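The structure displayed is predicted, hence computed values, not measured ones. Lettering follows sequence order; numbering is per chain, from 1. As a basis for the values below, the full set of heavy atoms in this structure was taken, side chains included, without hydrogen atoms, waters or symmetry mates.
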Amino acid sequence: MNAVVIDAFAGAEVPQPDPNPAAEVKPMVRYKGVTKSFGDLQVLKGIDLEMQPGEKVAVIGPSGSGKTTMGRMLMTLEEPTEGTIEVDGELLWHMQEKGRLVRANEKHLHRMRCSVGMVFQHFNLFPHMSVLRNVTEAPRKVLGLSKEEAEERAVSMLGKVGLDDKLKMYPANLSGGQKQRVAIARALVMRPKVMVFDEVTSALDPELVGEVLEVIREIAEEGDMAMMLITHEMDFAKEIADRVIFGADGLIVEQGTPEEIFDNPRSERLQNFLQRFRSN
Amino acid sequence: MWDWNYVFDILPELLSALKMTVWVTLCAFVVALIIGLLLAFAARSQWKPVSLMTKGIIEFIRNTPLLVQVFFLYYSLPLLTGISIPAFYAGVIGLGLHYSTYLSEVYRSGIEGVPKGQWEAATALNYTKAQTWRSIILPQAVPPIIPVLGNYLIVMFKETPILCAITLVEMMLTAKNIVSQSFRAFEPYTLVGILFLIISYIASLLVQRLEKRMNLQRGK
Ligand SMILES: Nc1ncnc2c1ncn2[C@@H]1O[C@H](COP(=O)(O)OP(=O)(O)OP(=O)(O)O)[C@@H](O)[C@H]1O
Ligand SMILES: [Mg+2]
């Protein structure tokens, strides 16, 4: 990891020695004692989780266990009830004000969101924009790129997901798989450091799942972006994840390498979950 | 009984009053569109005092007669503040403000028709609130409500005779003036009715066509 970082800077400026050596192993994402309640219902009961830069973490677990909620918090769509989340060493939902920790304001959230992206189960493409504009609009408005720069980035990203021949189409005229691939390109073009994929294939017809997984596989192989893959596709999780998290009832019950989780599940909950999954 | 010569005598005067009537309507409609949108925003405010106050204002304006409101603007406000408003502006503001409360409701339905996922996608792409409204929400919220807005334009047009009460020289007052000089009431008032009918009918045909076009576009 270190060698790669230094290589990337070779020929550029001499890297400044890091005053804080601990920062070298700084995780990209860190949940600390995070809970979430909707009214009386406590959905997350204390999540501690770290993701390293570039790490691919698959999150599995039964329906209603709080997987989506966990991912949405990282995208700042849901505020933790208790606990903190750090992204790239900085608090996401809190900030310092006069030496005290206070709730983050919109400006802070806006700055933090630059590092995070998300792909949704139901795509959420902008129906009033062409495919190309869906992907260029945010780079232009949010990142301030020129039209040419944004289009260049967008076209190359749409090429990566195999849709650079559909630039002028509208979302309504695309298949579900194509829509989801546009949505992936739209999120990627912002170049986040960590991206949440929330069951991105579960709204698709079975025959369209493969093309989307293929795209995600390619992104994962490129390696530099951390990915939180909330999924019910166990084979896929096993194949591309560095680490698998099994959550149930608002807690992380077990985590480990794909082999540990799928081949040697320790907890009874996970064993039952996998068994039920296989018999389906 | 019906005197065509008399009709042609008074028609030019009524037509120029018609121009004025249409102009007042359009100005008031623009006011209603803008204030209606602002009210819709304010009513959605996360800040409770703002949203509650806005809803209160909307209810208040809706539940008092338009005639009373324009009287207030034209006759009472100058007494209270010392600033007198010309009849035209009092009419535009009165009519516009009154209907802005209805249009805010129309906007609300349009805005609520935009799925929550659109807001979330905009957040995920780090749009600011203003950018989200401008490029994601309003472009989806407004097209479906355009026919309803068009219908309100027609309703407002037909409400303009009320403004003769504050001496705004629209068609009704013009007709009244003609009648008071010639003592012939039949033709002027009938003509006013016919002119209203023609314009409203044409406008409603346009709205219908627009509605069909929008449905086609959305139906796909
Ligand atoms: N906005 C909300 N208001 C109230 N309850 C909510 C809200 N969002 C989620 N919940 C509840 O929180 C629980 C966890 O939801 P969540 O969507 O995070 O689960 P999940 O693990 O993603 O499930 P699935 O596998 O079905 O997607 C569920 O019981 C859900 O009903
Ligand atoms: Mg979910």
Side-chain angles (χ1 to χ4, degrees), chain A residues 68 71-79 105-107 109-129 133-144 169-174 179 182-192 194-198 203, chain B residues 33 37 40-51 106-150 210-220:
Chain A
T68 295
R72 285 166 59 84
M73 282 177 167
L74 190 59
M75 192 61 261
T76 71
L77 294 170
E78 216 79 72
E79 189 175 353
N105 58 20
E106 192 50 41
K107 200 175 139 212
L109 290 174
H110 188 71
R111 191 166 55 78
M112 294 303 293
R113 278 197 285 260
C114 292
S115 310
V116 189
M118 182 158 179
V119 182
F120 300 89
Q121 187 173 357
H122 296 285
F123 334 125
N124 298 353
L125 289 180
F126 303 132
H128 58 299
M129 296 181 188
R133 247 194 89 203
N134 260 284
V135 185
T136 55
E137 178 94 352
R140 291 185 62 188
K141 292 247 159 80
V142 178
L143 304 180
M169 303 255 284
Y170 279 79
N173 302 320
L174 299 177
K179 280 184 200 165
V182 174
I184 291 171
R186 183 179 69 171
L188 279 177
V189 84
M190 302 300 279
R191 301 187 177 161
V194 53
M195 198 139 108
V196 180
F197 293 79
D198 185 13
Chain B
L33 282 176
L37 187 59
F41 284 152
R44 287 178 59 93
S45 170
Q46 316 257 321
W47 214 44
K48 272 274 140 49
V50 172
S51 67
V106 178
Y107 280 119
R108 189 188 61 78
S109 71
I111 290 164
E112 281 177 5
V114 180
K116 220 172 111 229
Q118 295 290 307
W119 290 92
E120 297 184 343
T123 303
L125 293 167
N126 212 358
Y127 281 73
T128 61
K129 271 270 147 51
Q131 285 168 339
T132 305
W133 278 109
R134 254 202 322 272
S135 47
I136 311 298
I137 305 304
L138 289 180
Q140 293 183 66
V142 172
I145 60 171
I146 287 176
V148 187
L149 295 177
L210 202 65
E211 196 165 3
K212 253 190 215 142
R213 265 239 317 262
M214 316 257 11
N215 285 343
L216 271 179
Q217 256 176 33
R218 264 177 300 148
K220 272 169 205 118

Interface moiety of [X] toward chain B, non-hydrogen atoms closer than 4.5 Å:
X: Phe120(A); result: side chain
X: Leu125(A); result: backbone
X: Met112(A); result: neither

- Task: Identify which of Met190(A), Glu106(A), His110(A) forms the greatest number of heavy-atom pairs closer than 4.5 Å to chain B.
- Result: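 Looking at each of Met190(A), Glu106(A), His110(A) in turn, His110(A) comes out on top.
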
- Message: Between Val135(A) and Val182(A), is there a side-chain heavy-atom distance shorter than 4.5 Å?
- Response: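 A side-chain contact exists here, since the closest heavy-atom pair is under 4.5 Å.
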
- Item | Expected output: side-chain Tyr107(B) to main-chain Val142(B) donor-acceptor under 3.5 Å |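 Flag not set: sc Tyr107(B) to bb Val142(B) has no pair under 3.5 Å.
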
- Using atom types as modelled and distance alone, determine if a side-chain donor or acceptor of Asn134(A) lies under 3.5 Å from a backbone N or O of Met129(A).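 Indeed, once roles are kept as given, a pair shorter than 3.5 Å links the two residues.
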
- Cation-pi geometry met for Arg186(A) and Phe123(A) (6.0 Å, 45°): no

- Hey, could you give me the CD/CD distance between Gln140(B) and Gln118(B), rounded to the nearest 0.5 Å? 4.0 Å

- Where on Glu120(B) is there a heavy atom nearer than 4.5 Å to chain A: the side chain, the backbone, both, or neither? both

